[in-house]
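Numbers here simply count residues along the sequence, with the first being 1.
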Amino acid sequence: AKLEPKEGEYDFSFLDEMIDKVAQSGGKIVLATPSGARPHWLAEKYEEVLRVNEQGIRMHFGARHNHCYTSPMYREKVKKINGLLAQRYGENKAVIAWHISNEYGGKCYCPLCQNAFREYLKKRYDGDINALNQAYWSDFWSHTYDSFEQIEAPMPNGEMYIHGLNLDWRRFCSHQTLDFMRAEISAIRQYNQDLPITTNMIPWWYDLNYNEFAEDIDIASWDAYPDWHNADHIRQAIETGFWHDYFRALKDR
């Protein structure tokens with residue numbers, strides 16, 4: 001909202017001032033892309049950027065990360081602002097790395113995502129609905145699919161109990177989020193090839209396959225929020241150490 005207060009109208013004065021102050025004090029900056037929190041006008045004008053929840057209800061504007069990763073419009077707007085940031089700050093000596101978005105996560109059940117899920121399944125099962133039925137054991141309780149067009153994401157008011165469907169939906173959501181991150185990175189790389197790229201990953205976050213994300217980032221980073229000074233601080237130390245090891249292992253560095 002600060003960088004693009006109105007559609008197509010950009011104001012980088014605030015960021016210019018902050019980056020100049022950091023540079024003058026000898027500090028360094030890891031600059032994030034702003035896709036985690038889009039402006040209000042974007043949600044009002046382009047409803048498709050808002051997520052649909054698992055009840056099939058379109059979410060209202062609010063919180064953050066309430067956006068559809070599949071939406072072509074949202075991808076277009078993110079590509080534009082990321083490119084402008086890369087052009088403006090990519091050569092700034094104070095900027096030493098790019099941080100892509102913020103804490104990727106969440107699912108969207110909108111028609112765009114449902115269609116993308118079906119296309120994902122067609123590719124996964126070589127366009128053979130019988131192969132999918134075999135993998136899902138969908139004959140049980142007459143859950144057999146006659147075509148890929150019948151498939152919907154697992155939802156409380158629909159199909160929830162086919163384990164293969166649930167697993168493939170989780171795989172798809174991770175795949176779609178990764179594809180969105182790659183689009184963000186591509187917009188940066190169009191103007192800045194040199195600076196390393198990372199994104200902040202989350203411990204205990206099983207919605208995303210970080211082993212696959214690691215292939216597209218240069219640095220593995222994560223949100224470490226150890227809750228010290230509690231009754232179970234020994235366990236907290238062990239868990240924090242484990243996640244340090246896991247995320248370090250993603251890039252072996």
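Tyr136 and Tyr125 have perpendicular rings, their planes meeting at more than 60° on a 0 to 90° scale where under 30° would count as parallel. Classified by interplanar angle (parallel below 30°, tilted 30° to 60°, perpendicular above 60°), the ring pair His244/Trp222 is perpendicular. Using bins of under 30°, 30° to 60° and over 60° for the plane-to-plane angle, the ring pair Tyr109/Trp169 lands in the tilted bin. The aromatic rings of His67 and Tyr69 sit perpendicular to each other, their planes meeting at more than 60°, with 30° as the lower class boundary.
Residues Arg75 and Phe180 approach most closely at NH2-N, 3.7 Å, considering heavy atoms. In this structure, Thr198 and Ile219 approach most closely via the heavy-atom pair OG1-O, 2.5 Å. Between Leu195 and Gly90 the shortest heavy-atom distance is CD1-O, 3.7 Å.
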**OP:** Test salt bridge (Lys or Arg N to Asp or Glu O under 4.0 Å) on Arg118 and Glu149 and set out the steps.
**Re:** CA-CA 7 Å; Arg118 295 179 191 111; Glu149 283 63 37; over 6 Å; no
**OP:** Could you go through the ring pair (Phe, Tyr, Trp, His ring centres under 6.0 Å) check for His175 and Tyr120 one step at a time?
**Re:** CA-CA 9 Å; His175 163 85; Tyr120 172 85; 5.2 Å; yes
Original post:
Between Ser138 and Asn133, is a side-chain hydrogen bond (donor to acceptor under 3.5 Å, both in side chains) present by the stated rule, with each step listed?
Top reply: CA-CA 5 Å; Ser138 58; Asn133 281 316; 2.6 Å; yes
**OP:** Begin with the C-alpha distance, continue with both residues' side-chain angles, and end with the deciding distance and a verdict on salt bridge (Lys or Arg N to Asp or Glu O under 4.0 Å) for Lys80 and Glu76.
**Re:** CA-CA 6 Å; Lys80 178 67 174 179; Glu76 177 184 322; over 6 Å; no
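Heavy-atom neighbours of Trp228 CH2 from other residues, nucleotides or ligands within 6.0 Å: above the threshold of 12. Atom CD of Glu44 has more than 12 neighbouring heavy atoms from other residues, nucleotides or ligands inside a 6.0 Å radius. Few gaps surround NZ on Lys122; more than 12 heavy atoms of other groups in view lie less than 6.0 Å from it. Within 6.0 Å of NE2 in His233 there are 12 or fewer heavy atoms belonging to other residues, nucleotides or ligands. Counting non-hydrogen atoms of other residues, nucleotides and ligands closer than 6.0 Å to CG of Asn157 gives a total above 12.
Within the structure, every pair that satisfies the ring-ring contact (aromatic ring centres under 6.0 Å, His included) test and touches residues 189-212, not counting sequence neighbours, is listed here: Trp204-Trp243, Tyr210-Phe213, Tyr210-Phe247.
Checking side-chain atoms of Ser25 against main-chain N and O of Val22 turns up a donor-acceptor pair under 3.5 Å. Between the side chain of Gln150 and the main chain of Asp146, a donor-acceptor pair closer than 3.5 Å is present.
Cluster annotation: Leu112 and Leu50 are assigned to distinct hydrophobic clusters (Ile/Leu/Val/Met/Phe/Trp/Tyr, side-chain heavy-atom contacts under 4.5 Å, transitive). Note on Ile29 and Ile188: same hydrophobic cluster, where clusters join Ile, Leu, Val, Met, Phe, Trp and Tyr whose side-chain heavy atoms are under 4.5 Å apart, directly or indirectly. Clustering ILVMFWY residues whenever any of their side-chain heavy atoms sit less than 4.5 angstrom apart, transitively, puts Leu84 in the very cluster that holds Leu3. Both Val52 and Met155 are assigned to one and the same hydrophobic cluster, defined by single-linkage of ILVMFWY side chains at heavy-atom distances under 4.5 Å. Cluster membership check: Met18 does not share its hydrophobic cluster with Val30, using side-chain heavy-atom separations under 4.5 Å among Ile, Leu, Val, Met, Phe, Trp and Tyr.
A salt bridge is defined here as a Lys NZ or Arg NE, NH1 or NH2 lying under 4.0 Å from an Asp or Glu carboxylate O, and Arg58 with Glu48 fails to meet this definition. One finds no salt bridge joining Arg189 and Asp216 here, because no Lys/Arg side-chain nitrogen approaches an Asp/Glu carboxylate oxygen to under 4.0 Å. The existence of a salt bridge linking Glu119 and Lys123 is excluded, since no basic side-chain nitrogen approaches an acidic carboxylate oxygen closer than 4.0 Å. For Lys77 and Glu7, the salt-bridge test passes: some basic side-chain N is under 4.0 Å from an acidic carboxylate O. A salt bridge links Arg88 to Asp16: at least one charged side-chain nitrogen sits closer than 4.0 Å to a carboxylate oxygen. Salt-bridge formation is not detected for the pair Asp179/Arg182: no Lys NZ or Arg NE/NH1/NH2 atom is positioned less than 4.0 Å from an Asp or Glu carboxylate oxygen. The pair Lys2-Asp11 fails the salt-bridge criterion, with no side-chain N (NZ, NE, NH1 or NH2) lying under 4.0 Å from an Asp/Glu carboxylate O. By the 4.0 Å N-to-carboxylate-O rule, Lys107 lies too far from Glu54 to be salt-bridged with it.
Side-chain polar atoms of Ser221 and Asn200 form no donor-acceptor pair below 3.5 angstrom. A donor and an acceptor atom, one from each side chain of Glu184 and Tyr104, are located under 3.5 Å apart. Between the side chains of Glu103 and His65, not a single donor N or O lies within less than 3.5 Å of an accepting N or O. For the residue pair Ser101 / Thr33, no side-chain donor-acceptor distance below 3.5 Å is found, with atom types taken as modelled. Side chains of Ser174 and Asn209: a donor-acceptor N/O pair is absent below 3.5 angstrom, by distance only. Side-chain contact check for Asp218 and Trp98: no donor-acceptor pair (N or O, by modelled atom type) lies under 3.5 Å.
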